[in-house]
Enquirer: 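Dropping a structure here in structure tokens format, bear with me for questions.
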Amino acid sequence: MSDARSAPLYCPYCGEEDLRPHEAGHGAWECHACARVFTVKFTGLLGRAVTR
């Protein structure tokens, strides 16, 4: 499995794309449009398949 990480493409609060890594730690991002700091965390996979 790859250790590569994906960056968020837009701010979940305002939708702008001006994001930069934040000094708070791994997964923290700051939005320069709305001045919010947020984290992105992968929790896990479902134990079962999702069907529609």
Side-chain angles (χ1 to χ4, degrees):
M1 180 168 251
S2 173
D3 193 35
R5 303 285 187 237
S6 295
L9 300 176
Y10 58 88
C11 175
Y13 298 98
C14 70
E16 290 293 327
E17 298 175 355
D18 189 10
L19 302 177
R20 297 187 186 136
H22 187 66
E23 60 200 28
H26 180 72
W29 294 87
E30 57 187 53
C31 176
H32 284 240
C34 68
R36 286 186 169 99
V37 175
F38 60 93
T39 59
V40 177
K41 179 182 175 186
F42 177 74
T43 303
L45 297 172
L46 293 174
R48 55 179 166 62
V50 177
T51 59
R52 293 181 184 210

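Note that the coordinates shown come from a computational prediction; the quantities given were computed from them, not determined experimentally.
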Enquirer: Just verifying a value: how many Å separate Glu16 CD and Cys34 SG, rounded to the nearest 0.5 Å?
Expert: 8.5 Å
Enquirer: My understanding is that a hydrophobic cluster links ILVMFWY residues whose side chain heavy atoms are under 4.5 Å apart, including indirect links. Using that, what else belongs to the cluster containing Leu9?
Expert: Tyr10
Enquirer: Quick one: are Phe38 and Pro12 in side-chain contact, heavy atoms under 4.5 Å?
Expert: yes
Enquirer: Kindly state each residue pair satisfying side chain to side chain donor-acceptor pair (under 3.5 Å) with at least one member in residues 40-49, sequence neighbours excluded.
Expert: none
Enquirer: By the side chain to side chain donor-acceptor pair (under 3.5 Å) test, which pairs, at least two apart or in different chains, include something from residues 27-39?
Expert: Arg20-His32, His22-Glu30, Glu30-His32
Enquirer: On a heavy-atom basis, which atom in Pro8 and which in Leu19 lie closest, and how many Å separate them?
Expert: O-CD1, 3.7 Å
